[in-house]
Amino acid sequence: MPSSSVTDLSAALADGSVQVIDLTQPLSESTPVLVLPEPFANTPHLSRRTLSRFDDAGPAWAWDVLELGEHTGTHLDAPIHWITGREREDVASIPPARLVGPARVIDRSAQVAADNGYLLSAAEFEAEEREHGPIEPGTWIFFRTGWGARANDEAAFLNAGPAGPVTPGPDVSGARWLADHPNVVGFGVETVGIDAGAAGGFDPPFPVHNFLLGRGRYGLTQLANLEALPLSGALVVVAPLRLVGGTGSPSRVLAFTPR
Ligand code: MN
């Protein structure tokens, strides 16, 4: 068999020198979902009903029907999710090559532990790129916050305070930096949404959604295991359903990392 980058990767997976990390949170009835204030519509929690379970309705097989929102659990935001991207791609139209690429991690776990509403600025993204090298074409930027540790406790995960949710995310300058960078394809977070909890009060509101999706890039939420990724050097595979007209989709997200 001729050697190639692909056969080399297969060999590295087989001998364990490259590992597969699952960046997906388990998806179940208890998966936390976003809560919007009145008068906005809210997405339901996942629910399922049994079609058969080795019974008269299906003696040798078990299967269920799911109800869940497009934006439930670890999921992708497609450009048409936001009004600024409404003329752009639905989930089904995203070119597959855009769903596979290098991952760069910006770690603010310590800052977020001290300040749950921590806001990430353009200057911090710029400093990260200076320190760790140029961001390659097709890169997914992941915001490591430690928030994934709350994923099994909806109240702690949503962290609603008297003035609204208190969760970390980019400020307006950080959102603009992500959307303006020619090599950034997507932005992924551990929290329930790609914007900070306070972002409804920013100018413009929800700037990551506004700028990033408006420029035809993608969001990823509720990621798991970001602490297992190197700051650079991992390869990510994002696998949403190819849902025609979909504004988003629950996604399996996997990373290849050197041991
Ligand atoms: Mn979403």
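Indexing begins at 1, ligand by ligand and atom by atom, following the structure's order. Each residue takes its place number in the sequence, starting with 1.
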Heavy atoms, side chains only, cut-off 4.5 Å: are L220 and I194 in contact?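 No; the side chains remain at least 4.5 Å from each other.
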Testing the 3.5 Å rule here: is there a donor-acceptor pair between the side chains of H45 and E154?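 The criterion, which ignores hydrogens and geometry beyond distance, is satisfied for E154 and H45.
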Does the shortest distance from the Mn ion (ligand 1) to an N/O/S atom of D77 fall below 2.8 Å?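 A backbone or side-chain N, O or S atom of D77 is under 2.8 Å from the Mn ion (ligand 1).
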Can you tell me if, anywhere in H81, an N/O/S atom lies at a distance from the Mn ion (ligand 1) that is smaller than 2.8 Å?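 Checking H81: none of its N, O or S atoms is under 2.8 Å.
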Give the atom name of whichever N/O/S atom in H71 sits closest to the Mn ion (ligand 1).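 Relative to the Mn ion (ligand 1), the closest nitrogen, oxygen or sulfur of H71 carries the name ND1.
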Around W63, counting heavy atoms of other residues, nucleotides and ligands shown, do more than 12 lie under 6.0 Å from its CH2?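 Count not over threshold, so no.
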Side chain to side chain contact (heavy atoms under 4.5 Å, CB included), paired with D171, selected from L119, V208, D195: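 Answer to the side chain to side chain contact (heavy atoms under 4.5 Å, CB included) test with D171 among L119, V208, D195: L119.
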